[in-house]
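Reviewing the structure listed below.
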Amino acid sequence: MSNYHNENSMNGIINVKKEKGFTSFDVVAKLRGILHEKKIGHTGTLDPDATGVLPVCIGKATKVCELLTDKDKVYEAVLLLGKITDTQDLTGEVLSDATDQALALGEDAVRAAIQSFVGDYDQVPPMYSALKVNGKKLYEYARAGVEIERKARRVHIFDIAVSSVKLPEVTMRVHCSKGTYIRTLCADIGEKLGVGGCMASLLRTKVSVFDLEHAHTLAEIEQAMCDGTIADYIVPIDHVFSQYPALTVNEQGLFRLQNGNRLRLSDLSAGFDKETAKNKSSYRIYDDNGRFYAIYSYDEKAEEFVIVKMFDTGR
């Protein structure tokens with residue numbers, strides 16, 4: 001086993017390709033063992049039977065976890081019409097079976113029902129979920145046979161692309177906001193069609209800038225650790241914020257930056273045009289050696305930059 005402990009390289013994000021049978025917590029636990037690193041966090045729960053993109057933050061990058069959890073996501077899901085289960089997927093107990101009615105549905109009606117969920121949508125979280133009520137996870141209540149009243153939460157479906165309708169199954173690509181349960185979306189589509197439905201399979205293909213094409217299995221990550229090539233698998237923290245312009249501080253600005261103070265225009269080396277800047281626009285802040293420190297936002301009235309999130313104090 002490699003003894004790789006380069007501090008700079010071990011602060012970042014690994015795009016894990018979660019395999020079936022693992023919980024998100026299982027992935028984190030296994031990575032702690034593989035990387036010999038305690039400070040690791042995942043960026044949003046995937047059900048054990050779900051697969052795909054699970055960005056995992058390491059070291060100083062754990063400060064990014066909450067920001068990545070807030071990002072919209074893309075899934076490929078198979079909706080099974082006609083069956084209602086207590087978990088809203090195939091792992092649960094079948095409560096009703098209307099497969100014959102589902103087979104009789106018209107494809108146009110199915111597509112229309114699915115598209116009706118695009119946009120804002122009030123979704124009731126499922127009982128089999130990790131949401132907490134009174135300090136206890138909903139699935140713990142569910143396993144004890146206790147039903148808890150849940151309030152609907154507003155989520156947003158940006159787009160649903162139906163790639164295949166082979167009743168009773170429908171394959172679709174869903175681009176949605178944070179907090180969206182695809183299992184519940186499947187159940188709600190089935191309810192709208194009057195036959196019920198559940199999720200047959202789920203693959204997450206994108207979270208923020210992380211996609212399935214560049215994801216790595218735990219076995220691949222472990223092998224890279226053994227080979228000493230693990231740095232190739234770790235994405236730098238600032239990559240997550242690549243949509244924000246980069247600014248560099250001068251020596252005077254570096255002192256203020258390292259203390260988390262507001263930055264003035266005179267603290268910048270160059271590259272900022274206040275005439276085109278918008279109030280509260282975000283920026284990546286670096287020193288003149290290219291070291292990434294923080295995200296700041298611009299206060300147009302004060303003509304200063306205010307800290308949003310510090311990732312490295314340089315000390």
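Here the structure is a predicted model, which is why all the values come from computation and not from measurement.
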Straight-line distance of Ser282 OG to Lys309 NZ, nearest 0.5 Å: 13.0 Å
Residue pairs fulfilling ring pair (Phe, Tyr, Trp, His ring centres under 6.0 Å) with at least one residue in residues 196-240, sequence neighbours excluded: His216-Tyr233
Reported CG-to-CD1 distance for the pair Leu254 and Ile285, which is rounded to 0.5 angstrom: 11.5 Å
Heavy-atom side-chain contact between Met172 and Ile189 under 4.5 Å: yes
Heavy-atom closest pair, residues Leu105 and Leu81: CD1-CD1, 4.1 Å
With Arg183, the side chain to side chain donor-acceptor pair (under 3.5 Å) member among Thr91, Asp47, Asp188: Asp47
Cluster overlap Val162 with Leu103, hydrophobic side-chain contacts below 4.5 Å: yes
Residue pair Asn11 / Gly59: nearest heavy atoms and the distance that separates them: OD1-CA, 3.4 Å
Pairwise side-chain contact, Val28 with Leu31, heavy-atom cut-off 4.5 Å (strictly under): no
Steps toward side-chain contact (heavy atoms from CB on, under 4.5 Å) verdict (Asp267, Leu257): CA-CA 9 Å; Asp267 293 326; Leu257 171 63; over 6 Å; no
With Asn289 via side-chain hydrogen bond (donor to acceptor under 3.5 Å, both in side chains) - residues at least two apart: none
Criterion side-chain contact (heavy atoms from CB on, under 4.5 Å) on Leu247 and Phe305, from CA distance to verdict: CA-CA 11 Å; Leu247 294 174; Phe305 297 86; 3.7 Å; yes
Heavy-atom closest pair, residues Phe158 and Ser177: CE1-N, 3.7 Å
Sub-6.0 Å ring centroid separation between Tyr298 and Tyr283: no
Hphob cluster co-occupancy, Val78 + Val195, side-chain heavy atoms under 4.5 angstrom: no
Shortest non-hydrogen separation from Ala109 to Leu193 and the atoms involved: O-CD2, 3.7 Å
Polar side-chain atom of Lys18 near backbone of Leu218 as donor-acceptor pair, under 3.5 Å: no
Sidechain-backbone polar pair: Arg32 side chain, Lys38 backbone, donor-acceptor under 3.5 Å: yes
Exercise: identify the closest heavy-atom pair between Ile14 and Ile234: CG1-CG1, 3.8 Å
Flag, side chain of Lys20 to backbone of Thr51, donor-acceptor distance under 3.5 Å: no
Any donor-acceptor pair under 3.5 Å from Arg284 side chain to Tyr244 backbone: yes
Residue pair Ile182 / Cys176, side-chain heavy-atom distance below 4.5 Å: yes
Nearest-0.5 Å distance that lies between atom NE2 in His175 and atom OG1 in Thr180: 9.5 Å
Which residues share a ring-ring contact (aromatic ring centres under 6.0 Å, His included) with Phe25, sequence neighbours left out: His42
Within-4.5 Å side-chain heavy-atom neighbours: Val235 and Asn15: no
Cluster overlap Val74 with Ile114, hydrophobic side-chain contacts below 4.5 Å: no
Summary of salt bridge (Lys or Arg N to Asp or Glu O under 4.0 Å) pairs that have at least one residue in residues 154-171, sequence neighbours excluded: Asp120-Arg154, Asp122-Arg154, Asp159-Arg173
Connected via hydrophobic side-chain network under 4.5 Å: Val165 and Leu80: no
Heavy-atom donor-acceptor pair, Lys39 side chain to Lys60 backbone, under 3.5 Å: no
Val53 side chain reached by Lys206 side chain, heavy atoms, under 4.5 Å: no
Pairwise salt bridge (Lys or Arg N to Asp or Glu O under 4.0 Å) hits with a residue in residues 234-247, at least two apart: none
Residues which pass side-chain contact (heavy atoms from CB on, under 4.5 Å) with Val308, listed by chain and number, not counting sequence neighbours: Ile295, Ser297
Approximate separation, where rounding is to 0.5 Å, of Ile84 CD1 and Glu191 CD: 7.5 Å
Verdict with supporting geometry, Glu222 and Lys30, side-chain contact (heavy atoms from CB on, under 4.5 Å): CA-CA 9 Å; Glu222 185 168 20; Lys30 287 183 178 293; over 6 Å; no
Nearest non-hydrogen partners of Thr23 and Pro48, listed with the distance: CG2-CG, 3.8 Å
Separation between CG of Leu90 and CG of Asp49, rounded to the nearest 0.5 Å: 8.5 Å
Side-chain donor/acceptor of Thr87 to backbone N/O of Gly92, under 3.5 Å: yes
Leu46 backbone acceptor or donor facing Ser24 side chain under 3.5 Å: yes
Of Tyr293, Tyr286, Phe292, the residue whose pairing with Phe311 passes ring pair (Phe, Tyr, Trp, His ring centres under 6.0 Å): Phe292
Check: Asp97 side chain, Thr99 main-chain N or O, donor-acceptor pair, under 3.5 Å: yes
Thr205 vs Asp211 side-chain heavy atoms within contact, under 4.5 Å: no
Backbone N/O of Arg264 and side chain of Glu303: donor-acceptor pair under 3.5 Å: no
Donor-acceptor pair, side chain of Asp288 and main chain of Glu251, under 3.5 angstrom: no
Spacing of OH belonging to Tyr296 relative to CG belonging to Leu268, to within rounding of 0.5 Å: 10.5 Å
same_hphob_cluster(Leu95, Val124) at 4.5 Å side-chain heavy-atom cutoff: no
Verdict with supporting geometry, Cys57 and Ile13, side-chain contact (heavy atoms from CB on, under 4.5 Å): CA-CA 4 Å; Cys57 301; Ile13 304 103; 4.0 Å; yes
